[in-house]
Amino acid sequence: MTPRPGTDRDNLLSALRNARKDASNLQGAGPKSAHTRLLDYLDWVSDTARLLHGQVSDRDLERLILTRRYEQLLSAVGTLANLLDERVLNGLVALELGQRVDAFNEAITAIENQVQRWQPYGNFVVPDTSFFIQHEQKLEKVEFGPILNVWQSPVNLLIPIVVVDELDALKESRDRRVRWRAGYTLAVLDRLFDNISGRAHLRAAPSIAPPPGEQSSSEITVELLFDPPGHQRLPIADDEIVDRALTIEPLASRRVTLLTYDTGQSMRARAVGLQAVKLRKEIGDEPEQDDLKEERSKTR
(Lines give C-alpha, C1' and ligand atoms only; values in the text may rest on other atoms or scores of the structure.)
Protein backbone atom coordinates (compact mmCIF):
# COMPACT_ATOMS: atom_id res chain seq x y z
CA MET A 1 0.00 0.00 0.00
CA THR A 2 1.18 3.51 -0.85
CA PRO A 3 -0.63 6.21 1.14
CA ARG A 4 -0.50 9.64 -0.40
CA PRO A 5 1.47 12.37 1.42
CA GLY A 6 -0.55 13.92 4.21
CA THR A 7 -2.77 10.87 4.70
CA ASP A 8 -3.64 10.05 8.30
CA ARG A 9 -2.86 6.37 8.84
CA ASP A 10 -5.67 5.87 11.39
CA ASN A 11 -8.24 7.41 9.06
CA LEU A 12 -6.95 5.25 6.21
CA LEU A 13 -7.22 2.07 8.25
CA SER A 14 -10.74 3.01 9.33
CA ALA A 15 -11.77 3.63 5.71
CA LEU A 16 -10.31 0.30 4.58
CA ARG A 17 -12.06 -1.60 7.35
CA ASN A 18 -15.41 0.04 6.59
CA ALA A 19 -15.04 -0.74 2.88
CA ARG A 20 -14.22 -4.37 3.68
CA LYS A 21 -17.24 -4.62 5.99
CA ASP A 22 -19.58 -3.18 3.35
CA ALA A 23 -18.26 -5.59 0.69
CA SER A 24 -18.65 -8.51 3.06
CA ASN A 25 -22.23 -7.46 3.86
CA LEU A 26 -23.05 -7.28 0.14
CA GLN A 27 -21.50 -10.69 -0.40
CA GLY A 28 -23.67 -12.26 2.29
CA ALA A 29 -26.87 -10.31 1.61
CA GLY A 30 -30.17 -12.17 1.42
CA PRO A 31 -32.08 -13.12 -1.75
CA LYS A 32 -31.96 -10.42 -4.44
CA SER A 33 -32.30 -10.35 -8.20
CA ALA A 34 -29.01 -10.55 -10.05
CA HIS A 35 -29.56 -7.10 -11.54
CA THR A 36 -30.16 -5.57 -8.08
CA ARG A 37 -27.04 -7.27 -6.71
CA LEU A 38 -25.02 -5.92 -9.63
CA LEU A 39 -26.26 -2.37 -9.04
CA ASP A 40 -25.51 -2.64 -5.31
CA TYR A 41 -21.97 -3.79 -6.13
CA LEU A 42 -21.45 -0.87 -8.56
CA ASP A 43 -22.72 1.56 -5.91
CA TRP A 44 -20.21 0.11 -3.46
CA VAL A 45 -17.38 0.59 -5.96
CA SER A 46 -18.33 4.25 -6.57
CA ASP A 47 -18.67 5.07 -2.87
CA THR A 48 -15.44 3.29 -1.89
CA ALA A 49 -13.39 4.79 -4.72
CA ARG A 50 -14.61 8.25 -3.74
CA LEU A 51 -13.73 7.58 -0.08
CA LEU A 52 -10.21 6.33 -0.79
CA HIS A 53 -9.37 8.72 -3.61
CA GLY A 54 -6.68 11.05 -2.35
CA GLN A 55 -5.63 8.65 0.40
CA VAL A 56 -3.95 5.90 -1.62
CA SER A 57 -2.21 5.69 -4.98
CA ASP A 58 -4.04 5.12 -8.25
CA ARG A 59 -2.36 1.72 -8.51
CA ASP A 60 -3.80 0.75 -5.12
CA LEU A 61 -7.28 1.87 -6.21
CA GLU A 62 -7.04 -0.29 -9.31
CA ARG A 63 -5.85 -3.27 -7.34
CA LEU A 64 -8.45 -2.90 -4.58
CA ILE A 65 -11.56 -1.67 -6.37
CA LEU A 66 -11.33 -0.62 -10.02
CA THR A 67 -10.43 -4.05 -11.31
CA ARG A 68 -10.75 -5.46 -14.83
CA ARG A 69 -13.86 -7.42 -13.83
CA TYR A 70 -15.42 -4.20 -12.50
CA GLU A 71 -14.84 -2.57 -15.89
CA GLN A 72 -16.42 -5.55 -17.65
CA LEU A 73 -19.49 -5.52 -15.41
CA LEU A 74 -19.82 -1.75 -15.69
CA SER A 75 -19.51 -1.67 -19.47
CA ALA A 76 -22.10 -4.39 -19.89
CA VAL A 77 -24.54 -3.30 -17.18
CA GLY A 78 -27.20 -2.35 -19.75
CA THR A 79 -27.20 -5.72 -21.52
CA LEU A 80 -25.54 -8.25 -19.26
CA ALA A 81 -28.49 -8.71 -16.93
CA ASN A 82 -30.75 -9.57 -19.87
CA LEU A 83 -28.32 -11.93 -21.57
CA LEU A 84 -26.97 -13.92 -18.64
CA ASP A 85 -28.74 -16.42 -16.48
CA GLU A 86 -29.58 -15.09 -12.99
CA ARG A 87 -27.37 -17.74 -11.40
CA VAL A 88 -24.39 -16.91 -13.63
CA LEU A 89 -24.66 -13.16 -13.03
CA ASN A 90 -25.04 -13.64 -9.29
CA GLY A 91 -21.98 -15.87 -9.39
CA LEU A 92 -19.87 -13.24 -11.18
CA VAL A 93 -20.82 -10.50 -8.72
CA ALA A 94 -20.31 -12.81 -5.74
CA LEU A 95 -16.88 -13.84 -7.06
CA GLU A 96 -15.80 -10.23 -7.47
CA LEU A 97 -17.06 -9.24 -4.01
CA GLY A 98 -15.25 -12.19 -2.46
CA GLN A 99 -12.01 -11.19 -4.13
CA ARG A 100 -12.49 -7.59 -3.02
CA VAL A 101 -12.90 -8.71 0.60
CA ASP A 102 -9.69 -10.74 0.30
CA ALA A 103 -7.86 -7.78 -1.26
CA PHE A 104 -8.97 -5.45 1.53
CA ASN A 105 -7.90 -8.01 4.15
CA GLU A 106 -4.43 -8.05 2.59
CA ALA A 107 -4.31 -4.26 2.37
CA ILE A 108 -5.30 -3.79 6.00
CA THR A 109 -2.72 -6.33 7.14
CA ALA A 110 -0.06 -4.61 5.01
CA ILE A 111 -0.86 -1.19 6.48
CA GLU A 112 -0.85 -2.55 10.03
CA ASN A 113 2.52 -4.23 9.43
CA GLN A 114 3.96 -1.05 7.93
CA VAL A 115 2.70 1.04 10.85
CA GLN A 116 4.33 -1.42 13.25
CA ARG A 117 7.51 -1.28 11.20
CA TRP A 118 7.79 2.50 11.58
CA GLN A 119 6.67 2.54 15.22
CA PRO A 120 10.08 2.89 16.95
CA TYR A 121 10.89 6.26 18.43
CA GLY A 122 13.58 8.35 16.81
CA ASN A 123 14.49 10.57 13.89
CA PHE A 124 13.80 9.19 10.43
CA VAL A 125 16.45 10.27 7.93
CA VAL A 126 16.83 9.55 4.21
CA PRO A 127 20.38 10.27 3.00
CA ASP A 128 20.71 10.63 -0.75
CA THR A 129 23.67 9.45 -2.81
CA SER A 130 25.52 12.76 -2.56
CA PHE A 131 25.60 12.47 1.22
CA PHE A 132 27.51 9.19 1.15
CA ILE A 133 29.96 10.49 -1.45
CA GLN A 134 30.60 14.06 -0.33
CA HIS A 135 30.29 14.10 3.45
CA GLU A 136 33.61 14.63 5.17
CA GLN A 137 32.98 11.65 7.47
CA LYS A 138 32.41 8.20 6.07
CA LEU A 139 29.25 6.33 7.02
CA GLU A 140 30.53 4.54 10.13
CA LYS A 141 31.98 7.78 11.55
CA VAL A 142 29.19 10.27 10.82
CA GLU A 143 27.89 12.22 13.81
CA PHE A 144 24.28 13.03 13.01
CA GLY A 145 23.70 15.17 16.09
CA PRO A 146 25.26 18.36 14.67
CA ILE A 147 23.65 17.74 11.26
CA LEU A 148 20.11 17.25 12.57
CA ASN A 149 20.46 19.28 15.77
CA VAL A 150 19.33 16.28 17.82
CA TRP A 151 21.19 14.51 20.60
CA GLN A 152 20.72 11.12 22.24
CA SER A 153 17.51 10.47 20.29
CA PRO A 154 17.96 7.43 17.99
CA VAL A 155 18.58 8.09 14.30
CA ASN A 156 16.99 5.70 11.80
CA LEU A 157 18.66 5.87 8.38
CA LEU A 158 16.28 4.82 5.61
CA ILE A 159 18.07 4.11 2.35
CA PRO A 160 15.97 3.71 -0.83
CA ILE A 161 17.29 0.92 -3.04
CA VAL A 162 17.67 3.44 -5.87
CA VAL A 163 20.48 5.03 -3.81
CA VAL A 164 22.19 1.64 -3.61
CA ASP A 165 21.87 1.33 -7.38
CA GLU A 166 23.42 4.77 -7.86
CA LEU A 167 26.31 3.84 -5.55
CA ASP A 168 26.84 0.66 -7.57
CA ALA A 169 27.11 2.76 -10.74
CA LEU A 170 29.56 5.16 -9.07
CA LYS A 171 32.00 2.31 -8.46
CA GLU A 172 32.95 2.87 -12.11
CA SER A 173 33.50 6.62 -11.69
CA ARG A 174 36.68 8.16 -13.10
CA ASP A 175 37.11 10.02 -9.81
CA ARG A 176 39.17 7.83 -7.50
CA ARG A 177 37.69 9.28 -4.31
CA VAL A 178 34.12 8.81 -5.58
CA ARG A 179 34.90 5.20 -6.51
CA TRP A 180 36.32 4.53 -3.07
CA ARG A 181 33.44 6.15 -1.17
CA ALA A 182 30.86 4.29 -3.24
CA GLY A 183 32.62 0.96 -2.75
CA TYR A 184 33.17 1.57 0.96
CA THR A 185 29.51 2.51 1.59
CA LEU A 186 28.27 -0.54 -0.30
CA ALA A 187 30.65 -2.75 1.66
CA VAL A 188 29.26 -1.41 4.95
CA LEU A 189 25.67 -1.99 3.81
CA ASP A 190 26.54 -5.47 2.55
CA ARG A 191 28.02 -6.34 5.94
CA LEU A 192 25.07 -4.91 7.87
CA PHE A 193 22.47 -6.81 5.85
CA ASP A 194 24.38 -10.02 5.31
CA ASN A 195 22.09 -12.06 7.56
CA ILE A 196 19.10 -9.78 8.24
CA SER A 197 16.39 -8.15 6.16
CA GLY A 198 14.94 -5.63 8.61
CA ARG A 199 16.57 -2.91 10.65
CA ALA A 200 20.32 -3.19 11.28
CA HIS A 201 22.38 -1.47 13.95
CA LEU A 202 25.16 0.72 12.64
CA ARG A 203 26.07 2.12 16.05
CA ALA A 204 24.73 1.26 19.49
CA ALA A 205 23.88 3.90 22.06
CA PRO A 206 26.81 4.60 24.39
CA SER A 207 26.79 2.50 27.54
CA ILE A 208 28.25 5.26 29.72
CA ALA A 209 27.47 8.94 30.02
CA PRO A 210 29.80 11.33 28.17
CA PRO A 211 32.19 13.60 30.07
CA PRO A 212 30.72 16.89 31.33
CA GLY A 213 30.24 19.39 28.53
CA GLU A 214 30.17 16.77 25.76
CA GLN A 215 27.13 15.54 23.86
CA SER A 216 26.27 11.86 23.83
CA SER A 217 26.27 10.04 20.48
CA SER A 218 22.98 8.67 19.21
CA GLU A 219 22.05 5.11 18.46
CA ILE A 220 22.01 4.68 14.66
CA THR A 221 20.05 2.06 12.77
CA VAL A 222 19.85 1.47 9.04
CA GLU A 223 17.03 0.09 6.93
CA LEU A 224 16.80 -0.50 3.18
CA LEU A 225 13.67 0.67 1.36
CA PHE A 226 13.04 -1.83 -1.42
CA ASP A 227 10.73 -1.05 -4.33
CA PRO A 228 7.21 -2.40 -3.64
CA PRO A 229 5.95 -5.14 -6.00
CA GLY A 230 4.84 -3.61 -9.29
CA HIS A 231 6.45 -0.27 -8.43
CA GLN A 232 7.53 1.86 -11.39
CA ARG A 233 10.37 4.21 -10.61
CA LEU A 234 10.16 7.86 -11.56
CA PRO A 235 12.40 8.81 -14.52
CA ILE A 236 14.62 11.07 -12.40
CA ALA A 237 16.40 9.32 -9.50
CA ASP A 238 16.20 12.44 -7.29
CA ASP A 239 12.41 12.48 -7.69
CA GLU A 240 12.27 8.79 -6.85
CA ILE A 241 14.23 9.33 -3.61
CA VAL A 242 11.92 12.16 -2.58
CA ASP A 243 8.85 10.08 -3.43
CA ARG A 244 10.05 7.13 -1.36
CA ALA A 245 10.68 9.42 1.61
CA LEU A 246 7.21 10.94 1.30
CA THR A 247 5.52 7.52 1.39
CA ILE A 248 7.03 6.84 4.82
CA GLU A 249 5.64 9.92 6.57
CA PRO A 250 1.95 8.85 6.70
CA LEU A 251 2.88 5.39 7.99
CA ALA A 252 5.44 6.62 10.51
CA SER A 253 3.22 9.56 11.56
CA ARG A 254 6.26 11.83 11.79
CA ARG A 255 8.46 14.01 9.63
CA VAL A 256 11.17 12.42 7.53
CA THR A 257 14.33 14.42 6.85
CA LEU A 258 16.25 14.25 3.57
CA LEU A 259 20.02 14.78 3.75
CA THR A 260 21.68 15.99 0.57
CA TYR A 261 24.52 18.04 -0.83
CA ASP A 262 22.61 18.65 -4.08
CA THR A 263 20.84 21.96 -4.50
CA GLY A 264 18.32 20.59 -7.00
CA GLN A 265 17.51 17.66 -4.73
CA SER A 266 16.82 19.89 -1.72
CA MET A 267 14.62 22.15 -3.88
CA ARG A 268 12.63 19.16 -5.12
CA ALA A 269 12.11 17.97 -1.55
CA ARG A 270 10.97 21.30 -0.16
CA ALA A 271 8.66 21.93 -3.12
CA VAL A 272 6.55 18.91 -2.11
CA GLY A 273 6.68 19.57 1.63
CA LEU A 274 9.48 17.20 2.58
CA GLN A 275 11.87 18.39 5.27
CA ALA A 276 15.38 18.69 3.83
CA VAL A 277 18.80 19.51 5.24
CA LYS A 278 21.03 20.94 2.52
CA LEU A 279 24.66 20.36 3.46
CA ARG A 280 27.43 22.49 2.02
CA LYS A 281 31.11 22.37 1.28
CA GLU A 282 33.34 25.39 1.15
CA ILE A 283 33.87 26.29 -2.50
CA GLY A 284 36.91 28.46 -1.80
CA ASP A 285 37.99 31.50 -3.74
CA GLU A 286 37.18 31.98 -7.39
CA PRO A 287 39.92 30.29 -9.46
CA GLU A 288 42.23 32.39 -11.60
CA GLN A 289 41.87 32.22 -15.37
CA ASP A 290 45.08 30.20 -15.75
CA ASP A 291 43.77 27.65 -13.24
CA LEU A 292 40.57 27.30 -15.23
CA LYS A 293 42.49 26.65 -18.44
CA GLU A 294 44.63 24.03 -16.73
CA GLU A 295 41.51 22.35 -15.29
CA ARG A 296 39.86 22.24 -18.72
CA SER A 297 42.96 20.68 -20.26
CA LYS A 298 42.95 17.89 -17.66
CA THR A 299 39.39 16.93 -18.54
CA ARG A 300 40.08 16.59 -22.29
Side-chain angles (χ1 to χ4, degrees), residues 1-119 226-234 243-244 246-253 272-273:
M1 293 293 295
T2 308
R4 293 189 185 276
T7 298
D8 182 275
R9 64 187 187 185
D10 293 328
N11 289 342
L12 175 58
L13 275 172
S14 177
L16 292 172
R17 289 169 181 145
N18 288 335
R20 175 187 61 184
K21 178 182 177 182
D22 291 342
S24 182
N25 288 340
L26 283 177
Q27 185 185 21
K32 289 184 179 181
S33 70
H35 188 262
T36 299
R37 187 180 296 275
L38 173 60
L39 293 179
D40 288 344
Y41 156 72
L42 294 176
D43 283 340
W44 171 81
V45 169
S46 298
D47 292 342
T48 306
R50 184 168 57 252
L51 182 66
L52 293 179
H53 178 70
Q55 295 195 71
V56 298
S57 69
D58 292 340
R59 182 180 294 274
D60 287 331
L61 280 179
E62 292 172 2
R63 181 171 57 86
L64 288 172
I65 312 166
L66 307 176
T67 64
R68 180 173 298 179
R69 186 177 291 115
Y70 158 73
E71 293 177 356
Q72 292 170 343
L73 291 172
L74 179 63
S75 64
V77 68
T79 58
L80 191 61
N82 296 323
L83 295 177
L84 288 181
D85 179 81
E86 284 270 319
R87 181 177 57 83
V88 174
L89 182 54
N90 264 323
L92 286 174
V93 176
L95 176 62
E96 178 65 3
L97 284 169
Q99 291 182 346
R100 294 313 95 225
V101 171
D102 291 342
F104 273 89
N105 281 332
E106 293 174 2
I108 291 167
T109 299
I111 290 288
E112 290 173 339
N113 289 341
Q114 288 173 311
V115 168
Q116 186 64 33
R117 173 185 178 186
W118 308 123
Q119 196 66 36
F226 291 96
D227 295 341
H231 175 71
Q232 293 183 351
R233 288 184 181 177
L234 296 173
D243 182 71
R244 299 296 291 126
L246 282 174
T247 62
I248 298 168
E249 287 193 336
L251 299 168
S253 193
V272 295

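Since we're looking at a predicted model, the values are computed, not measured.
Summarising the geometry of P250 relative to G6, their closest heavy-atom pair is CG-N, 4.3 Å, with the distance given to 0.1 Å. Smallest separation of non-hydrogen atoms from L51 and A15: CD2-CB, 3.9 Å.
Shown here are the side chain to side chain contact (heavy atoms under 4.5 Å, CB included) partners of P228, two or more places apart in sequence or in another chain: H231, R244. With sequence neighbours left out, T67 forms a side chain to side chain donor-acceptor pair (under 3.5 Å) with E96. Remark: A94 pairs with no residue by the side chain to side chain contact (heavy atoms under 4.5 Å, CB included) rule, at least two apart or across chains. For E62, there are no salt bridge (charged side-chain N to carboxylate O under 4.0 Å, His left out) partners, not counting sequence neighbours. A search for side chain to side chain contact (heavy atoms under 4.5 Å, CB included) contacts involving S46 returns nothing, not counting sequence neighbours. Here H53 pairs with nothing under the side chain to side chain donor-acceptor pair (under 3.5 Å) rule; sequence neighbours left out. The salt bridge (charged side-chain N to carboxylate O under 4.0 Å, His left out) check on D243 picks up nothing, with sequence neighbours excluded. Under the rule for a side chain to side chain contact (heavy atoms under 4.5 Å, CB included), the partners of N105 that lie at least two apart in sequence or sit in another chain are R20, V101, D102. Remark: R233 pairs with D165, D227 by the side chain to side chain donor-acceptor pair (under 3.5 Å) rule, at least two apart or across chains. Residues satisfying the salt bridge (charged side-chain N to carboxylate O under 4.0 Å, His left out) criterion with D22, sequence neighbours excluded, are absent altogether. Scored by the side chain to side chain donor-acceptor pair (under 3.5 Å) test, S14 finds no partners at all (sequence neighbours excluded).
With values rounded to the nearest 0.5 angstrom, R63 atom CZ is found 9.5 Å from F104 atom CZ. Between the OG atom in S33 and the CG atom in N90 there is a gap of 8.0 Å [rounded to 0.5 Å]. Note that OG1 of T7 is 11.0 Å distant from CD of E249, once rounded to the nearest 0.5 Å. One finds the OG atom of S253 at 13.5 Å from the CD1 atom of I248 (value rounded to the nearest 0.5 Å). Taking CG from D60 and CD from Q55, the interatomic distance works out to 11.5 Å, rounded to the nearest 0.5 Å. In this structure, CG on L12 lies 5.0 Å from CD1 on I111, to the nearest 0.5 angstrom.
Two residues are said to be in side-chain contact when any heavy atoms from C-beta on lie closer than 4.5 Å; I65 and Y70 fail this criterion. Considering only heavy atoms from C-beta on, R17 stays 4.5 Å or farther from K21 through its side chain. Using a 4.5 Å heavy-atom threshold, the side chains of L64 and L16 count as touching.
Here salt bridge (charged side-chain N to carboxylate O under 4.0 Å, His left out) pairs that include residues 34-58, with residues two or more places apart or in two chains, are R4-D58, K32-D40, D47-R50.
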